[in-house]
> 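A single structure is presented below for examination.
Numbered from 1 within each chain, the chains take letters A, B, ... in sequence-line order.
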Number of protein chains: 2
Amino acid sequence: MKERMQIIKQYLQENGEAKLVDLEKLFPNISSMTLRRDLKRLEEFGDVVLTKGGAKSISHLSRIKEELYSKRLVENTSEKNLIAKKALEFLEEGRSIFLDSGTTIMYLAQLLEKQKLFITTSAPNIALECVKNPNATINLVGGELSRDNLSLSGINALDFLNNINIDTAFIATSGFTIKNGFTCGNYQEAEIKKKVIAKASKVIVLMDSSKFGKSMPFTFATLDDVHHLITDDNITSEAKNKINLKKQNILM
Amino acid sequence: MKERMQIIKQYLQENGEAKLVDLEKLFPNISSMTLRRDLKRLEEFGDVVLTKGGAKSISHLSRIKEELYSKRLVENTSEKNLIAKKALEFLEEGRSIFLDSGTTIMYLAQLLEKQKLFITTSAPNIALECVKNPNATINLVGGELSRDNLSLSGINALDFLNNINIDTAFIATSGFTIKNGFTCGNYQEAEIKKKVIAKASKVIVLMDSSKFGKSMPFTFATLDDVHHLITDDNITSEAKNKINLKKQNILM
DNA sequence: AATAATTGTGTTAAAAAATAACACCAAGGA
DNA sequence: TCCTTGGTGTTATTTTTTAACACAATTATT
């Protein structure tokens with residue numbers, strides 16, 4: 001595929017939408033006719049739907065729709081995207097990984113290309129995203145589906161996790177404070193995360209900076225339990241120092 | 001919501017797309033400006049995306065995208081929709097039901113409104129559709145996700161099913177012949193279906209007429225195992241007679 | 001009940017966007 | 001070399017969208 005179309009595709013991925021006028025600014029010396037033709041080709045490819053004056057990413061639209069029914073509203077998308085990109089570095093071909101539920105992890109799932117991986121997850125939407133990778137084996141934990149965060153939990157999920165091995169676990173968090181550690185809003189969810197962390201050889205937490213300083217009811221891990229923490233650079237240097245005091249491997 | 005908008009919404013649901021010119025034909029004495037405004041309101045509602053000259057249903061788009069990655073291509077959509085509508089009659093508020101994987105069942109899931117239901121399913125995409133119903137409890141079987149039909153299977157899925165009770169099971173099939181009964185293309189999937197059928201008090205098979213006369217490798221049920229068979233009226237009367245010879249409760 | 005505010009609707013003119021048709025150029029193959 | 005192919009830019013034309021206004025019909029307010 002042409003480089004220009006790759007850039008447009010990425011733009012679509014990140015912004016959800018691309019207006020023709022935006023693209024014209026992005027490529028000042030390309031005619032609008034050509035950009036229009038590019039969008040048309042992307043549509044034939046299947047990832048995009050043409051709208052008046054531009055195009056929208058279908059996966060983005062589905063995500064919006066999901067959010068309509070689950071509670072949350074996704075914010076800090078570009079930060080989350082960056083965090084996900086950093087997390088990619090911890091992926092090794094042929095490994096068994098766990099993907100937690102959550103929008104940041106969804107971005108990570110979308111970045112997975114054709115790596116041979118054994119993926120276990122507690123989020124059906126993430127499983128469906130991963131299945132697009134033809135070389136991945138996808139396992140989904142069973143259980144009750146929570147409307148809040150679209151994640152599965154319950155005794156069956158825990159049973160499932162008992163029977164598998166995990167090299168690297170990518171975990172999302174709803175809150176973090178030095179005092180309470182990593183926290184989430186749901187007891188069942190905390191149970192799952194705890195179990196995953198206990199079983200994984202390497203634990204990587206993905207957290208955008210807005211979560212810092214917030215505490216949710218249930219703690220599922222402390223700083224000592226995780227091997228890497230990936231966040232964005234909107235985190236205050238004070239916070240950064242506090243964490244680094246205890247731990248060197250914070251990434252941003 | 002206005003009746004006209006309801007009709008448009010249904011049109012969108014069934015056709016995936018509505019061009020303005022189509023709507024103008026559908027409502028000959030409504031101005032195109034008004035229809036345009038209707039589509040705009042539907043967009044704000046979140047279910048559709050406006051395109052050049054009309055609108056497209058987002059869930060339809062996501063389905064198309066799913067098909068791009070799983071193998072199948074959905075055919076006979078209007079038949080499947082009709083079958084799903086007939087299946088609705090077998091739903092009773094407050095019951096425990098099982099939803100199989102498959103596109104016909106997906107149509108059924110989309111028709112579920114606000115009934116209080118306890119839903120178990122082996123298909124993550126169907127689980128995500130059902131979660132939009134605020135009164136349903138959704139349970140998803142665990143296991144490995146098949147790329148072919150987006151369904152979960154394996155020992156964990158069977159375990160899960162062992163521990164739940166099912167009033168009514170809605171099952172899809174890939175093929176049916178008098179000789180071989182109901183068949184599907186995957187051993188693991190057949191195991192799941194068998195288990196569900198064994199546990200359910202009432203078994204309803206949804207099958208569009210194109211499946212009749214086709215045999216797949218694995219039989220998961222015979223006519224005697226199922227209580228109702230719902231199909232469309234493209235089925236030959238010969239086939240109909242053959243089935244009715246054995247069974248009275250065929251619906252079409 | 002009378003009045004006012006709101007909402008939906010249709011009509012028109014203007015603006016914006018999409019398309020079709022054609023010419024051009026570069027790369028690759030016969 | 002010449003021919004084909006695929007991508008590109010330009011222009012004119014058509015289609016689609018928007019904005020503005022006028023007019024009911026409905027609902028709320030006095």
Side-chain angles (χ1 to χ4, degrees), chain A residues 1-65 67-68 77 113-114, chain B residues 1-65 67-68 77 113-114:
Chain A
M1 196 186 293
K2 263 187 229 69
E3 195 199 2
R4 191 183 59 241
M5 273 173 75
Q6 281 290 0
I7 296 174
I8 295 178
K9 206 176 161 188
Q10 194 180 335
Y11 184 97
L12 249 339
Q13 168 103 263
E14 282 171 16
N15 299 73
E17 180 175 10
K19 290 261 158 229
L20 217 60
V21 283
D22 302 334
L23 294 178
E24 282 165 18
K25 275 179 215 153
L26 204 65
F27 303 98
N29 36 12
I30 301 289
S31 83
S32 66
M33 192 68 227
T34 298
L35 294 170
R36 217 185 271 297
R37 288 191 264 239
D38 283 349
L39 289 180
K40 200 163 214 167
R41 265 171 278 185
L42 282 175
E43 188 192 37
E44 279 157 19
F45 215 88
D47 289 328
V48 144
V49 54
L50 255 51
T51 60
K52 164 189 147 81
K56 288 184 181 176
S57 137
I58 291 181
S59 41
H60 204 269
L61 284 174
S62 326
R63 191 160 350 123
I64 302 256
K65 207 177 173 217
E67 287 157 27
L68 234 162
T77 54
E113 292 285 338
K114 299 208 188 304
Chain B
M1 196 187 293
K2 262 188 231 68
E3 195 198 3
R4 190 184 58 242
M5 274 173 74
Q6 282 291 359
I7 296 173
I8 295 177
K9 204 176 160 186
Q10 194 181 334
Y11 185 97
L12 249 337
Q13 167 104 263
E14 281 171 16
N15 300 73
E17 180 176 10
K19 290 261 156 228
L20 218 60
V21 284
D22 303 334
L23 294 178
E24 281 165 18
K25 276 179 214 152
L26 204 65
F27 303 99
N29 37 12
I30 301 288
S31 83
S32 67
M33 192 69 227
T34 298
L35 295 170
R36 205 178 233 101
R37 287 191 265 239
D38 283 349
L39 289 181
K40 201 163 214 166
R41 265 171 280 185
L42 283 175
E43 189 191 37
E44 279 157 18
F45 215 89
D47 290 328
V48 305
V49 54
L50 286 171
T51 59
K52 175 199 136 72
K56 288 184 180 177
S57 137
I58 291 181
S59 40
H60 204 269
L61 284 174
S62 325
R63 192 162 347 124
I64 302 255
K65 207 176 172 218
E67 286 156 28
L68 235 160
T77 55
E113 292 284 339
K114 298 205 188 304

> Please name the pair of heavy atoms, one in H60(A) and one in Q13(A), separated by the smallest distance, quoted to 0.1 Å.
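Looking at all heavy atoms of both residues, the shortest contact is CD2-O, 4.4 Å.
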> What are the two closest non-hydrogen atoms of K65(B) and S59(A), and how far apart are they?
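Scanning both residues completely, I find the closest heavy atoms to be NZ-CB, 3.7 Å.
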> What's touching nucleotides 5-8 of chain D from the protein side, N or O pairs under 3.5 Å?
residue : atom : partner : partner atom : Å
dT8(D)  : OP1  : R4(A)   : NH1          : 2.9
dT8(D)  : OP1  : R4(A)   : NH2          : 3.0
dT8(D)  : OP2  : R4(A)   : NH2          : 3.0

> For nucleotides 16-18 of chain D, print each protein N/O atom paired with a nucleotide N/O atom at under 3.5 Å, atom names and distance only.
residue : atom : partner : partner atom : Å
dT16(D) : O3'  : G53(B)  : N            : 3.4
dT17(D) : OP1  : T51(B)  : O            : 3.4
dT17(D) : OP1  : G53(B)  : N            : 2.8
dT17(D) : OP2  : R36(B)  : NE           : 3.4
dT17(D) : OP2  : R36(B)  : NH2          : 2.2
dT17(D) : O5'  : R36(B)  : NH2          : 3.4

> Between dT19(C) atom C1' and L39(A) atom CG, what is the distance in whole Å?
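Interatomic distance, CG of L39(A) to C1' of dT19(C): 15 Å.
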> Please determine, by modelled atom types, if Q10(A) and E14(A) share a side-chain donor-acceptor pair under 3.5 angstrom.
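Yes, side-chain donor-acceptor contact under 3.5 Å.
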> Taking protein heavy atoms under 4.0 Å as touching, what does nucleotides 23-28 of chain C look like 5' to 3' if B marks base contact, S marks sugar-phosphate-only contact and - marks none?
------
> Which pair of non-hydrogen atoms, one from V48(A) and one from S57(A), has the smallest distance, and what is that distance?
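Taking V48(A) first and S57(A) second, the nearest heavy atoms are CG2-CA, 4.3 Å.
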> Knowing that exactly one of L50(A), I58(A), I64(A), L61(A) qualifies, which makes a side-chain contact (heavy atoms from CB on, under 4.5 Å) with V49(B)?
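When side-chain contact (heavy atoms from CB on, under 4.5 Å) is applied between V49(B) and each of L50(A), I58(A), I64(A), L61(A), only L61(A) qualifies.
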> Can you find a pair of side-chain heavy atoms, one from Y11(A) and one from D22(A), that are under 4.5 Å apart?
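Of all side-chain heavy-atom pairs linking D22(A) with Y11(A), at least one is under 4.5 Å.
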> Test your reading of the model: is there a side-chain donor-acceptor pair from K19(A) to the backbone of K52(A), 3.5 Å cut-off?
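Confirmed, K19(A) side chain pairs with K52(A) backbone.
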> Just how far, in rounded Å, is C1' of dG9(D) from CZ of F27(A)?
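The answer, rounded to whole Å, is 17 Å.
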> In the structure I gave you, are the side-chain heavy atoms of R4(A) and I7(A) within less than 4.5 Å of one another anywhere?
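Result no, sub-4.5 Å side-chain heavy-atom pair not found.
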> State, to 0.1 Å, how close E24(B) and S32(B) come at their nearest heavy-atom pair, and which atoms those are.
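Result for this residue pair: OE2-CB, 2.9 Å.
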> I need the minimum non-hydrogen distance between A55(A) and L12(A), along with the two atoms involved.
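What the structure gives for the nearest pair is O-CD1, 3.6 Å.
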> From CG of D22(A) over to P of dA17(C), roughly how many Å is that when rounded to an integer?
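After rounding, the gap between these two atoms is 11 Å.
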